[in-house]
Amino acid sequence: MAEKLVVIGNGMAGIRTVEELLKIDPLVFDITVFGAEPYGNYNRIMLSPVLTGEKEFEEIVTHNDQWYVDNAVSLYKGKEIIEIDRVNRKVIASDGTQAEYDRLLIATGSNPFVIPVPGNDLEGVVTFRDMHDVNTMMDVAKTQKHAVVIGGGLLGLEAANGLMQQGMSVTVVHLMETLMERQLDEAAANMLRTSLEERGLNFLMAAQTEAIIGKDRVEKVRFKDGTEIYADLVVMAVGIRPNMELAKKAGIHCERGIVVSDTLQTFDPRVYAVGECVQHRGMTYGLVAPLFEMAKVCANHLAKHGIGRYEGSVTSTKLKVTGIDLFSAGDFVGDETTDELVFQDKASGVYRKLVVKDNKIQGAVMYGDTIDGTWYFDLLRDETDISDMRKNILFGQAHLGDSGHGEENRIAAMSDSAEICGCNGVCKGDIVKAINDKKLYTLEDVRAHTKASSSCGSCTGLVEAILATTVGGDYSTAPHLKPMCGCTEMTHDEVRAAITNKELKTVRDVMTGLEWKTPDGCAKCRTSLNYYVVCAWPKEGLDDYQSRFINERVHANIQKDGTYSVIPRMWGGGTSPKELRAIADVAEEYGVETVHVTGGQRIGLYGLKKEDLPTIWKKFSDAGMVSGHAYGKALRTVKTCVGKEWCRFGTQDSTHLGVELEKMTWGSWTPHKFKMAASGCPRNCAEATIKDFGVVCVDSGYELHVGGNGGVKVRATDFLCNVKTEDEVLEYAAAFMQLYRQEAHYLERTAPWLERVGLTYVKEQIVENEEYRKELAELFRESQKYMQDDPWAERANGTDKHEFEPIATITIGKTTATA
Amino acid sequence: MSAVKQEANWIEVGQVEDVPRLGARVIKTDDGNIGLFRTAEDEIFALRDECPHKKGPLSQGIVHGKKVTCPLHNWNIQLDSGEAVAPDEGCTASFPIKIEGTTIYIAI
Ligand SMILES: Cc1cc2nc3c(=O)[nH]c(=O)nc-3n(C[C@H](O)[C@H](O)[C@H](O)COP(=O)(O)OP(=O)(O)OC[C@H]3O[C@@H](n4cnc5c(N)ncnc54)[C@H](O)[C@@H]3O)c2cc1C
Ligand code: SF4
Ligand code: SF4
Ligand code: FES
């Protein structure tokens, strides 16, 4: 019989944990949920748009009664648990209902704090926490005029805005001099206040409430200085307290919240707790993103997949008032050890401040234009060294070469028909609709349902921004440590480290050794794992054929109609009559429809049938040509200009250098495609400054550039250093490629990798540390010994023959087929 | 139309070891290709070699569990039923397979 899990609290954290658990294994537990509220679970953070009238309650219900039935979860709604009996392992509800448990999950959220002043229990005094509160406010708004909101924080302002939309005249009373002092600095707070005032809100700052006055219901609010204002409704939004009374009564250790470990267990290991009611490593949280991270770890532990640990969260905040964009994260105040970077344009209402310490972002405040909020937040959480972008960082990511989308980045201003994901043709409207209709929470959900950002990923930022503007709130941001895929909780880096440390030399070993959740992984992790194994163990690691994407299995590019393209290598873009003749012969013999000169200075043949590939390769092989790896996550091309040999401007022999580079690097597998170029002078005809590794020849030697790419997001390279000789160029190229091969995640190109780790880091490894550079270059050359076999020649000689021939050919005959 | 005729319809297509584990082979027919898949547990499945999305050749995909991931846009297709894995929706035809000894037969 399955063990019994009882959940107290039918709210966001509790149900998220149940969902995660069902995803891992729906059968480990018989699940029973008690909820004090009379509904299924709803998205609490969307109460704000319900109050403004932008949404109906039905639209924010995330789990209706049917969901509990479908997932065999017993739900007791409207039943409050009043006692936990840990000796007999059962819980008791106020109406006497009891349930026994093997494991208990407490997810009781928090209680709004009510300030202890006379009259705080009068009718018309409410808090802003649940649907009941919202209903009360909306009822009062129908007949009454004056509302007072006590508390100028996030919640208070959202309540005030909502009540104003409901037609009330609203005054926000705040104890401090500035609004949202826990999220905003003075400058941003003042801009916020001005624009809220323009919309019609009134503010009373530095005002201390002394009493709420009224006979049967509230009539006035009085302050310490004696002033009074009229009020038909008073909303208390001054903060929340973890709801831990129940746990405390049961003898579970509590401080400011229910104290939990990194596995979300309370001091009684049978009892778990998640959400706002907990205190973890001294912190309590009041936002959803951390609880979603907790839910994941907790579910894993409950299902005895005990690898995950919750290590705390850094949170960021956005205000959900339509038309007002603000963002805040981390320590935005700073101290004497920190620097402030500030950008302010009062006229257009834009303000950005970053607090930086040792070239790492500690905190951010943004007002007016928050599109880069997620980016800063990522830099903050990744502790990226920003010294290389410090000068431009305040202008946003778009100014760092991410210019592909330019002004389009202004999500709110975009029309519904604007195309967001160019790869899969998904428009803004599609994404917004999917988010609303299917109640999507995370980037992963949006990817699964719309396919947006699931291919090249360059629109990820835009999709996240749409998610943020559509659902509001902070919980759209993906968790900091992203597991590789659904088959494991481990991140790319953790998996790679384990492959090296535990000497895992096959994909199967990795999946077994690291307790993969699925029998054979998935298309995403298998390809990554195979790369990591091959990279870590070039000699003895086993290249798993079935874990390679089809292009790398058949060494040709699959085209949209299922035919293949073939592109032979042309060293440094050079060719000869003999090679051209071989190409022409193949094109004629196999009736090639399209012969095309590619962007990488070679010739491609398109529309070939898979079964013809081996014989075609044989012909190329005989003419001395090898695979161009135009299909692989591998070295693609080295583009060159004719350089000193012919061009009057040439300073060095760029063609020769290009050929040498290509001879050294061809056949190597990389996390993503890798392109190089060598230009003979700074006129840069070979476009070396948009390549992964580019060389620009100058009179005194060679300039080396790294981390550029064309493609969806054009990014110009960063300058690495100058060197004097061709040999040095080769050494630096080998070292750079090896560092990239070892450290970038699979499918991460050099540009995002470089932005993630910082140019300074790469310089430290390669330019400043000669010894390490030589070591990397040597590692690269060593692994190349096992890589430079021409895959085409091998296959022309019969390797993987089965891949290219049908197993059987049968005639159905239309009569049998329709019989 | 008789049931007897249906049962007589098994066609031999090859040996289990001809299909790579966690891989696939193609059966050519005059009515389009059929993909023949082999799982880690040596089960064999046959699906029309056309993804329900945009007709991608499923036989070229990556096989994992009882699913194959289409090489064109990464839909996951259930090998036993031909159904796309949610949230994607669609279905491709699947064909009965029987194995006698190590020989694979398909019914079309
Ligand atoms: C108006 C509003 C706007 C918000 N906006 C944002 C935002 O933009 N971004 C953001 O990140 N966060 C926001 N939050 C905070 C967010 O909603 C909470 O962090 C989140 O809901 C906490 O989840 P939880 O499961 O811990 O608690 P809850 O969602 O409160 O769930 C706890 C549930 O347990 C029930 N319960 C309590 N005690 C018992 C008992 N003894 N027996 C049975 N049931 C019990 C309660 O009735 C409740 O339903 C907002 C909150 C509010 C109120
Ligand atoms: S890059 Fe300089 S050397 Fe090369 S072709 Fe252009 S002008 Fe000539
Ligand atoms: S070749 Fe490149 S640019 Fe052209 S359609 Fe294909 S992916 Fe897009
Ligand atoms: S054709 Fe298969 S996923 Fe698009």
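Atom set for the values below is all heavy atoms of this structure, side chains included, hydrogens, waters and symmetry mates excluded. Every chain is numbered from 1, with letters handed out A, B, ... down the list of sequences.
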Check: Which bit of A/Ile558 comes within less than 4.5 Å of chain B, counting heavy atoms only: side chain, backbone, both or neither?
Finding: side chain
Notebook entry, point to check: Quick one: CZ on A/Phe549 to CG on B/Asn74, what's the gap to the nearest 0.5 Å?
Noted result: 7.0 Å
Next item on the list: Please look at B/Val63 and chain A and tell me whether the side chain, the backbone, both or neither of the residue comes under 4.5 angstrom of a heavy atom of that chain.
Entry: backbone
Notebook entry, point to check: If you measure from CD1 on B/Ile108 to CD1 on A/Ile810, what distance do you get to the nearest 0.5 Å?
Noted result: 3.5 Å
Checklist line | A/Thr809 portion near chain B, given a 4.5 angstrom heavy-atom threshold | finding: both
Notebook entry, point to check: Is the CD atom of B/Gln15 crowded by more than 12 outside heavy atoms at less than 6.0 Å?
Noted result: yes
Margin query: Are more than 12 heavy atoms, taken from residues, nucleotides or ligands other than B/Glu89, located less than 6.0 Å from that residue's CD atom?
Written below: no
Next item on the list: Examine whether an atom of A/Thr527 lies under 4.5 Å from a heavy atom of chain B, and if so say whether it belongs to the side chain, the backbone or both; otherwise answer neither.
Entry: side chain
Next item on the list: Counting only heavy atoms closer than 4.5 Å, note whether A/Gln559 contacts chain B via side chain, backbone, both or neither.
Entry: backbone
Next item on the list: Examine whether an atom of B/Ile27 lies under 4.5 Å from a heavy atom of chain A, and if so say whether it belongs to the side chain, the backbone or both; otherwise answer neither.
Entry: both
Notebook entry, point to check: Considering all heavy atoms of both residues, which atom of B/Gly65 and which atom of A/Pro519 are nearest to each other, and what is their separation?
Noted result: CA-CG, 4.0 Å
Notebook entry, point to check: Do other residues, nucleotides or ligands put more than 12 heavy atoms under 6.0 Å from B/Lys55 NZ?
Noted result: no
Checklist line | A/Asp544 side chain reached by B/Leu22 side chain, heavy atoms, under 4.5 Å | finding: no
Next item on the list: Measure the shortest side-chain to side-chain distance between A/Thr518 and B/His64 over non-hydrogen atoms and say whether it is less than 4.5 angstrom.
Entry: no
Check: For the candidates B/Asp88, B/Ile11, B/Ile106, B/Leu36, which exhibits the highest count of non-hydrogen atom pairs separated by less than 4.5 Å from chain A?
Finding: B/Asp88
Margin query: Out of B/Gly56, B/Ser59, B/Gly14, B/Pro71, return the one with the most heavy atom pairs under 4.5 angstrom to chain A.
Written below: B/Pro71
Next item on the list: Give, as side chain, backbone, both or neither, the part of A/Lys610 having an atom under 4.5 angstrom from any heavy atom of chain B.
Entry: side chain
Checklist line | Residue part contacting chain B, namely of A/Pro806, when any heavy atom lies under 4.5 Å | finding: both
Check: Between A/Ile807 and B/Val19, is any pair of side-chain heavy atoms under 4.5 Å apart?
Finding: yes
Margin query: My understanding is that only one of A/Arg526, A/Gln546, A/Lys524 makes a side-chain contact (heavy atoms from CB on, under 4.5 Å) with B/Ile62; could you say which?
Written below: A/Arg526
Check: Taking the side chain from A/Arg553 and the backbone from B/Gln60, do they hold a donor-acceptor pair closer than 3.5 Å?
Finding: yes
